[in-house]
Amino acid sequence: MLPLTPANNWTPTILFCGGSDMPDDYWGNYSFPNYNTWEYPASKNCQRLTPEPQDGSSPAYQQDDDMLEGRTMGQFISLPDGTLLVVNGGTNGTAGYATATGMTPNFGDMPFGESLAAGPVGTPAIYNPNMPQGSRWSNAGLGNSKIARLYHSSAMLLPDGSVMIAGSNPNVDVNLTTIYPTTYTTEIFYPPYFSASTRPHPTGIPKQLSYGGAYFNITVPASSYAGSANAAAANTSVVLSRGGFTTHAMNMGQRHLQLNNTYTVNSDGSYVLHVAQAPPIPNVFQPGPSLLFVVVNGIPSNGTMLIVGSGNIETQPTSAVSDLPPSVQNNDAKGTGSGDSSNGGSSSSGPSTGLIIAGVVGGIALIGIVGAVFGICVSRRRRAASRQHPAAAYAMGTTRSGYMGGSGMAADHARHSDSSAFVPLQQENASAAWNASSVSLHSSPYRDEYGGRPSVADSYDPYNPEGARRVDGYRS
């Protein structure tokens, strides 16, 4: 589902992309397909469908931009900035598994084990619905994963705006030795907005929203952005995001809804957002938990968990939408955030890949001369790296040229970057690992002061975990 916004009157529109257009007779029966599906290219085609057009017309599919490559089992994740990330999947084949096909009756001749898909797509892509048609897809600068994510893969947006990616098992049971094995390795993908040196730190976010009713205020401090306060306030959105339930390359119940707002800019550079409650149409964004993000110049804050409506499955009370005060600007007010926090700025500073490689090579050369000193330096370096944010270890830039052709539209508030990062997620301390039998979700709720996770300074090879260097653990 595309973002529900005041501009589209919160009208649901669904985007369908990829999959397979194999002929009916290729699919075979419930035992196995008739065709070698891994040889059949996945579709690039994308279509939009608005099931309930506001003008009363009949629903009809509309051709949208093709994906950058054919992809089967790709999974869409709605990002806080209003774009959609597609991850995982393969360039050929379909979901599922089998021990034979109508063309390959012997399992020993199956080139990819039981997998009915091949050609894992390691590079994600971002779809921007606010760009002109013909320029909505980009993968420029996006990090690449070496891990095959095929059948039984999952992805989920996290409260800090990163995306957890896990799974893949195109096999009838656990199989750790086949070409596309059962996969337990989890990764975190950091979208381009992690290149920003300043992130918003809003205050005053309520614990519960109603469907209609009196507006509420959120304060954005001057330290949350750099540059003109008027420009930042005008380019700020407040969004509700619900990740849904993720399995089999889809997120059931996933929603992204923008709340209506105006603003008042203060002389000290802070500004107050006057935010409407959820629209009084509970069927569009159903009652229950949601993350609320404040997005300034395409850069999201950490998400704050709240409850929409009563939080229960029941008829929801609704109220009339209250009028918002008019926006008030202040031409002298400016932000005090460090560095760039806008769409057109430069990337945040951090060690480049070349510098990291050079440091490693130099360190190896020095081992034979000053081994003891080297050991001390490495120890200190790891401790320092553990205090960095992952974005600092992956240099990222910002550019609008990544999207294919066309010029940006006024409604496009997303940050366009030429880089992103995949980082392996590991739990080093088994005693700190989550245990369903001993942990109460009520005893350790999500805290708004969440400070991110440490950097991964050492290399990690998912295909050779025994020989990999250890990395800093995940901090929950």
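Here the structure is a predicted model, which is why all the values come from computation and not from measurement. Reckoned from all heavy atoms, side chains included, excluding hydrogens, waters and symmetry mates.
- With no hydrogens or angles considered, a side-chain donor-acceptor pair links D268 and S270 at under 3.5 Å.
- No donor-acceptor distance shorter than 3.5 angstrom exists from the side chain of T83 to the backbone of L79, with no hydrogens or angles considered.
- Rounding to the nearest 0.5 angstrom, the gap separating the CH2 atom in W137 from the CG atom in D65 is 9.0 Å.
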Practice problem: Take Y263 and Q329 through the side chain to side chain contact (heavy atoms under 4.5 Å, CB included) test and state the conclusion after the steps. | Solution: CA-CA 8 Å; Y263 58 86; Q329 296 189 337; 3.0 Å; yes
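- In this structure the side chain of M250 reaches within 4.5 angstrom of the side chain of M252, judged on heavy atoms.
- In this structure, S195 OG and Y190 OH are separated by 14.0 Å, a value rounded to the nearest 0.5 Å.
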Tabulate below the donor-acceptor pairs under 3.5 Å that side-chain atoms of residues 84-94 make, not counting sequence neighbours, or state none.
residue	atom	partner	partner atom	Å
T91	OG1	G119	O	3.2
N92	ND2	W38	O	3.1

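- Within the 3.5 Å criterion, the main-chain N or O of P181 finds a donor-acceptor partner in the side chain of T183.
- Side chains of T123 and N144: a donor-acceptor N/O pair is present below 3.5 angstrom, by distance only.
- Between P279 and Y211, the shortest heavy-atom distance links the atoms O-CD2, 3.4 Å.
- Within the 3.5 Å criterion, the main-chain N or O of F76 finds a donor-acceptor partner in the side chain of Q254.
- Among residues two or more places apart in sequence or in another chain, the side-chain hydrogen bond (donor to acceptor under 3.5 Å, both in side chains) test is passed with N230 by N331.
- Evaluation of the side-chain hydrogen bond (donor to acceptor under 3.5 Å, both in side chains) rule for H274 yields N217, T264 as partners, not counting sequence neighbours.
- Listed by chain and residue number, S210 satisfy the side-chain hydrogen bond (donor to acceptor under 3.5 Å, both in side chains) test with Q277 (two or more places apart in sequence, or in another chain).
- Listed for the Q63 side chain is a donor-acceptor partner under 3.5 Å among the backbone atoms of C46.
- Between the side chains of S154 and Q75, not a single donor N or O lies within less than 3.5 Å of an accepting N or O.
- Scanning for side-chain hydrogen bond (donor to acceptor under 3.5 Å, both in side chains) contacts around T13 gives T50, with sequence neighbours left out.
- A distance-only check finds a donor-acceptor pair linking the side chain of S322 to the backbone of Y215 [under 3.5 Å].
- Looking only at distances, no side-chain donor or acceptor of Q62 sits under 3.5 Å from a matching main-chain atom of A60.
- S241 places no side-chain N or O within donor-acceptor distance of the main-chain N or O of H256, the cut-off being under 3.5 Å.
- Under the 3.5 Å distance criterion, the side-chain polar atoms of N139 are left unmatched by any main-chain donor or acceptor of P124.
- Taking CG of L257 as the reference point, atom OG of S78 lies at 11.0 Å (rounded to 0.5 Å).
- A donor-acceptor contact shorter than 3.5 Å is absent between the side chain of N297 and the backbone of I299.
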Quiz prompt | Verdict with supporting geometry, V275 and N260, side chain to side chain contact (heavy atoms under 4.5 Å, CB included) | solution = CA-CA 6 Å; V275 187; N260 208 0; over 6 Å; no
Exercise. Show the numbers, then the answer: is there a side chain to side chain contact (heavy atoms under 4.5 Å, CB included) between L240 and L259?
Key: CA-CA 7 Å; L240 298 176; L259 300 174; 4.1 Å; yes
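- A search for side chain to side chain contact (heavy atoms under 4.5 Å, CB included) contacts involving P206 returns L209, F216, not counting sequence neighbours.
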Quiz item: Could you walk me through whether S223 and T198 pass the side chain to side chain contact (heavy atoms under 4.5 Å, CB included) check?
Solution: CA-CA 8 Å; S223 59; T198 298; over 6 Å; no
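- Taking the six-membered ring for Trp and the full ring otherwise, the centers of Y271 and Y225 sit less than 6.0 Å from each other.
- The closest side-chain donor-acceptor pair between T11 and N9, if any, does not fall under 3.5 angstrom.
- Between the side chain of S138 and the backbone N or O of I126, no donor-acceptor pair lies under 3.5 Å.
- Of all the heavy atoms in G269 and A229, the pair that sits closest is O-CB, 4.1 Å.
- Taking all atoms of both residues into account, the shortest heavy-atom contact from W10 to Q258 is NE1-O, 2.9 Å.
- In this structure the side chain of N251 reaches within 4.5 angstrom of the side chain of I77, judged on heavy atoms.
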